[in-house]
Engineer: 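Take this structure first; my questions come after.
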Amino acid sequence: MKESPKPRKMLNSLPFLFTTRGASTMFRSPDKNQSFPEMEERILKLWEGDDSFQLSVKNRPVDKPFVFNDGPPFATGLPHYGHLLAGTIKDIVPRYWTMKGYRVERRFGWDCHGLPIENIIQDKLSLHTVKDITNFGVDKFNDACRAGVFTYTKEWRKTVARMGRWVDFDNEYKTMDPGFMESVWWVFKQCFDKGLIYQGYRIQPYSPALATSLSNFEVNQAYKDRQDPSVTLAFQLEAPHHVGDLHAPSTKEESDEQMLVWTTTPWTLPANMAIALHPDLDYTLVRHEGKKYWIAEARRTAYFPEPKAKKGEATPPAATEVLKTCKGRELAGRRYKPLFEYMEYTNDKQYTLLMADFVSADDGAGAVHIAPSFGEEDFQLGQREGLSLFDPLDADGKFMDVVPEWKGIGAKDADKSILQHLKAQGRVFKHETMVHSYPHCWRTDVPLLYRAQKNWFLSLEKPLTDAHGVTKTLKDWMIHCNRQINWVPEHIKGGRFGKWLDGARDWNLSRNRFWGTCIPIWLAEDGDMLCVGSVDELCALTGTKVVDLHKHIIDPLVIKTKDKKTFAADGKEYRRTPEVLDCWFESGSMPYAQRHHPFENADSFDANFPPDFIAEGLDQTRGWFYTLTVLGAALFQKPAFKNVIVNGIILAEDGQKMSKRLKNYPDPNELIDRTCADAIRLFMIDSAAVKGEELKFSEIGVKNIVRAVLLPLWNSLSLFTTYANADHEKGQLSWRPGLAQSASSNELDRWVLSDLQQLLAKVQTEMDAYRLYNVVPAVVEFIDDLTNWYIRRSRRRFWKSEDDQDKNQAYATLYRVLVDFSKVLAPFLPFLAEEIYQILVRELKVPGQPVSVHLCDFPVVDPSLLDAPLNARMALVRQAVNLGRSLRSAHNVKNRQPLRQLIVVVRNQSQKREILDMEDLIREELNVKSVTVSEDESSLVTYKAKANFKSLGAKLGKAMKTVAEKVAKLSHEEIKSLLSGTALKLEEGELVAEDILVVRETREGLVVEASPDLTVALDTSIDHGLRLEMLARESVSKIQNLRKDSGFEVTDRVEVQVKTGSPLFREALETHFAYITAEVLAGSLGFSESIAESEANSLDVNGEFAVFSVSRKV
RNA sequence: AGGUCUGUAGCUCAGUUGGUUAGAGCAUCGCUCUGAUAAGGCGGGGGUCGGCAGUUCAAGUCUGCCCAGGCCUACCA
């Protein structure tokens, strides 16, 4: 064989030129020490040069789309393994459907708006508060956000491409594009016109330092322990006779009873409106030190402990006297004297005892102080009972004029003073402190206030009617749509996501921020509102040409009109509501906004919605998955996606979260350079991470993929090209790629082809159901079948020098398998699959074949190649071989020692044929002279039986146990008779063959191994001839090792010299001269006394000694 | 605190409608094979299937309660 060229370098510079290879070489030989990362970089350039990605899309018909929607990431940070995992899934599925003949457009998208970038810019410009930003200028601030939001796009592009993901970055969408934002307005107006949008209050975490409310995400970042007052107050109740007299104003007639109420937020007391009790809890009136208090019975002893008996005293005098006990509901409506007089009396429920289920008696006094402006539950109760909102705080969280005592003092700061005031009035029953977990402002560390904020909401409770006239509330539509989605893993549908939908509440759409899509509502002073749904509309209404829809551009535009239909001018003035939209609204609008629907491409919308496929992480359940679902249901009463793969979270190897600070994970780019992208992809896909479970990421795991999957495959390719080139050069091979070939007569060939068809069927089934986790194990198993059975068993067929039919069939088969298999692998291992395809197909310029494996059609099952009985037969033979190998091992008979015969005992006639069919294979694999098939195993094994619990259990029920014991005691003969079809009568019933499971025990002193299907025995007697053969094989092995150690090429011819004093060795070498010289490609084999001995070249077989010398024949 | 997922060999995980002695890969130890292979083969060691109850002739599997971990959600006054 000629020097193989250095293909890598050549291809880098001349990617299309293959003709420079020597004419005698058929295939480019893969480098045995190939660096996979280098190979991948080369493939990337090849794709770029060929424009393969664009071709793979354009080659497929427009009217056969597979629609994929990509969730947009933020480019303010670098991609991490979570992105790589989702990205790999987002690559595999589209590649697969492309190869199935669909046109799969893949547009990348960028999330541009929102807090991540606003926070970065605030830090950069040292703008700490909302006021700082407005003083700085919203226009300048937004410009800075725009300029900073794409910091890492280059790194993203590079890493995403390097991972082998094909996605269109040039045609990407951005949520800040005017077209995208216009479509978001359209979506908003659709909701508005359906009556879903309303303005209302919701309790939100509020940072007084920043003068803004915060998102839950921000709140969750800064929970910490905090010491707060824990105060029990005594509210003076009025006389009870006013109960039920709804219109009677307070008489201020005091009773002598007080209500104990617990709070940790004294600053909310000036806004107290009511007290809540649980209707079903017991409340007790006690007399203590001359005063009467109501308290939840369950809390009584916590507040009024029973005095302990002192030594000598019998029963201590009770300090607390129980007067009466009743249910909370019996106290409903009792009035109390308010602590403060800041509020107007607007509702007869004000300052009364109200009933609420959320009240518990776990701690406190079992009665809750209600300030509807300052707590979620308070707010809900206030809404129900018609209480007004009273919020005496200004934007900075300081008391306003209505509370003159604490005017200008911050809410939390006023706690102490308020308590002092109340103590002076005798209203504080108990004052302690407690430590509890409380949210703080993540930027300023100031404790947050929960207060009612005016917001824009999307109602989930409004009825919507679909095209078929069916009416449901939006929430019910969402639940309805969710039923149509194929979730992987399935449990999310009814579990995490389904439950979340069940409990979904109206969506708060507004954010008091700056860099986002504006809420397109203009308000008049009288509360009248206009919703703008497009740029043209805005231009018409304002008479201004607008190209950018960001806040600083839009806010100054005032709409003046008399008539909302004709927009006649000079009427009321409408000004835009200042909020921007929740960014999730933009993400949820992505299916429409990325294609500027309905302003462009409206006619093709139906074909593209809902999309076939999306894939994101588990954390998107409440994020993207949810907002997509809301808007899909709101606009079209349809699900926003048909299939979704939810990936799990990737953890570091130690099971902790990946942490930059702890450096407990390798840098993705460096790992790619150390291992390769294909291996990382496969490692991630071959895990429960593709069904929503977490994955512990380990570099060792990735390296194992290289070792267990990539290298064996690479070596298969290498074997094939090496032998093909060698044979081709010597003119020992007629087969050529692309030549028509008839079906192989060799069982191994037909087996591996059938095995491949089974794999194809499996991959198709699993991919069609989006169960990626079932695909990789099947692929890996096929690699094992291919390398460790097909190729190992076929080696000699490639090695032999005759250009016969068998050899040509072997080449044709392996070639076909490798090419087809490269197509199966293409979605999963896009680089290695491409390299195989390039070497085996593209570089040969086989007519009619695409230039890239990714432009090929996914192989479909060829029923003519599928032969399930053959697969079963081969499984049986492999079992027989395994039993035989096990026997050799157990009895310490080396495989190089040929044995006389193997006896296989079969269970039936068809097995007999199957074993005899493959006798040659078994003989060679087990190194035996003959295989004898027998149907009677009585001489080899003894039968024992076990009860078949499955079949007997149903019949026998309780008698199962006794029968099982009897079955275990059955004799060999009884079992034999049962097996032959005779039923056995027992007290408990009749036994038939199916009711027992036969266990074979080998008879003493025999070399026998049994499995449920087969029994195998080995004749281990060795005669003179067998011994000579063994020595010959040992010699071959030794010589081959010497060849290898000397660095000779596979095809080099050698001369062999032997020194031995052993007559047996001499006889073996002489007898098997032809065999040995053929095996080791020796031109001569002679004896010599002048060979220097070393450990490497001497051979000691059971005391027979020989020394070898091998030299290359020039 | 609630929801949800997970808990099976040293590690990563399979385990069908409940049914024999709970499996695989990796790792480890011993033996072995090999001119494609950094591989392959055979065997060994290694398990109270998170715990406790219950249903059943029979529970890793079904039910209940509890424990641990992850994620999501959450102002309990």
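The chains referred to below are lettered A, B, ... by the order of the sequence lines, with proteins before strands, and numbering in each begins at 1.
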Engineer: Looking only at the side chain of Gln1040(A) (C-beta and beyond, no hydrogens), which of the listed nucleotides G35(B), A77(B), G40(B) gets closest?
Structural biologist: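 Comparing G35(B), A77(B), G40(B) against the side chain of Gln1040(A), the answer is G35(B).
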Engineer: Identify each donor-acceptor pair in which a side-chain atom of residues 364-372 of chain A lies under 3.5 Å from a protein atom, sequence neighbours left out, and give them as a table.
Structural biologist:
residue, atom, partner, partner atom, Å
His369(A), ND1, Asn272(A), ND2, 2.8
His369(A), NE2, Thr268(A), OG1, 2.7

Engineer: Which part of the nucleic acid, if any, lies within reach of Glu377(A) when heavy atoms closer than 4.0 Å are counted: base, sugar-phosphate only, or nothing?
Structural biologist: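 Base, at least one base heavy atom under 4.0 Å.
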Engineer: Heavy atoms within less than 4.0 Å of RNA chain B: which residues of residues 778-789 of chain A have one? Give them sorted by number.
Structural biologist: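 Hits under 4.0 Å, by residue number: Thr787(A), Asn788(A).
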Engineer: Answer yes when Arg451(A) and Asp391(A) have at least one side-chain N-carboxylate O distance shorter than 4.0 Å, and no when they do not.
Structural biologist: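 Looking at Asp391(A) together with Arg451(A), the answer is yes, because their closest N to O distance falls below 4.0 Å.
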Engineer: Under the ring pair (Phe, Tyr, Trp, His ring centres under 6.0 Å) criterion, do Tyr811(A) and Phe798(A) qualify, and how do the steps go?
Structural biologist: CA-CA 7 Å; Tyr811(A) 273 103; Phe798(A) 296 103; 5.0 Å; yes
Engineer: Which nucleotide in the list C33(B), U34(B), G40(B) gets nearest to the side chain of Arg795(A)?
Structural biologist: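 Closest nucleotide among those given: U34(B).
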Engineer: Looking across every strand, which nucleic acid part, if any, lies under 4.0 Å from Thr263(A) by heavy atom: base, sugar-phosphate, or nothing?
Structural biologist: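 It contacts sugar-phosphate atoms only.
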Engineer: Select one nucleotide: of A77(B), A36(B), C42(B), the one nearest the side-chain heavy atoms of Arg885(A).
Structural biologist: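 The answer is C42(B), which lies nearest to the side chain.
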Engineer: With sugar-phosphate meaning primed atoms plus P, OP1 and OP2, does Phe1048(A) contact a base, only sugar-phosphate, or nothing at under 4.0 Å between heavy atoms?
Structural biologist: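 Base contact.
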Engineer: Which pairs, protein N/O on one side and nucleotides 8-13 of chain B N/O on the other, fall under 3.5 Å?
Structural biologist:
residue, atom, partner, partner atom, Å
U12(B), OP1, Lys696(A), NZ, 2.7

Engineer: May I have the step-by-step check of side chain to side chain contact (heavy atoms under 4.5 Å, CB included) for Lys412(A) and Leu449(A), ending in yes or no?
Structural biologist: CA-CA 9 Å; Lys412(A) 285 265 179 196; Leu449(A) 312 178; 4.2 Å; yes
Engineer: Which string of ( ) [ ] | and . matches RNA chain B, if you list each base 5' to 3' and count Watson-Crick or G-U pairs only when both distances are under 3.5 Å?
Structural biologist: (((((((..((((.....[...)))).(((((.......))))).....(((((..]....))))))))))))....
Engineer: Name the orientation class of the two ring planes belonging to Tyr626(A) and Phe497(A) (parallel below 30°, tilted from 30 to 60°, perpendicular beyond 60°).
Structural biologist: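 Tyr626(A) and Phe497(A): perpendicular rings.
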Engineer: Using the test side chain to side chain contact (heavy atoms under 4.5 Å, CB included), find all partners of Glu925(A) that sit at least two apart in sequence or belong to another chain.
Structural biologist: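 Result, side chain to side chain contact (heavy atoms under 4.5 Å, CB included) vs Glu925(A): Trp789(A), Arg792(A), Arg793(A), Val881(A), Arg885(A).
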Engineer: Between the side chains of Glu699(A) and Lys703(A), is the shortest nitrogen-to-carboxylate-oxygen separation below 4.0 Å, so that they form an ion pair?
Structural biologist: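 Salt bridge: yes.
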Engineer: Any N or O donor-acceptor pair under 3.5 Å from the base of G35(B) to the side chain of Arg1043(A)?
Structural biologist: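 Flag set: donor-acceptor pair detected.
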Engineer: Thr265(A) has a side chain; which of C33(B), U34(B), A77(B) sits nearest to it?
Structural biologist: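 Comparing C33(B), U34(B), A77(B) against the side chain of Thr265(A), the answer is A77(B).
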Engineer: Between Arg896(A) and U34(B), does any side-chain N or O lie under 4.0 Å from OP1 or OP2?
Structural biologist: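 For Arg896(A), the contact criterion (side-chain N or O under 4.0 Å from OP1 or OP2 of U34(B)) is met.
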Engineer: If you only use heavy atoms from C-beta on, which nucleotide in C71(B), C42(B), C76(B) is closest to the side chain of Ile649(A)?
Structural biologist: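 Of the candidates, C71(B) comes closest.
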Engineer: Which of these nucleotides, U34(B), A36(B), G41(B), is closest to any side-chain atom of Tyr723(A)?
Structural biologist: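 Side chain of Tyr723(A) sits closest to A36(B).
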Engineer: Is there a side-chain polar atom (N or O) of Arg1033(A) under 4.0 Å from OP1 or OP2 of U34(B)?
Structural biologist: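 Yes, such a contact exists.
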Engineer: Could you tell me whether Ile203(A) contacts a base, only the sugar-phosphate backbone, or nothing, with contacts defined as non-hydrogen atoms closer than 4.0 Å?
Structural biologist: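 If one applies the 4.0 Å heavy-atom cut-off, Ile203(A) turns out to touch nothing in the nucleic acid.
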Engineer: With the sugar-phosphate defined as primed atoms, P, OP1 and OP2, and the base as all remaining atoms, what B/S/- string results for nucleotides 17-26 of chain B, 5' to 3', for protein heavy atoms under 4.0 Å?
Structural biologist: B-BBB----S
Engineer: Ignoring the backbone of Trp500(A), work out which of U73(B), G35(B), G40(B) is nearest its side chain.
Structural biologist: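 Ranking U73(B), G35(B), G40(B) by closest atom to the Trp500(A) side chain puts U73(B) first.
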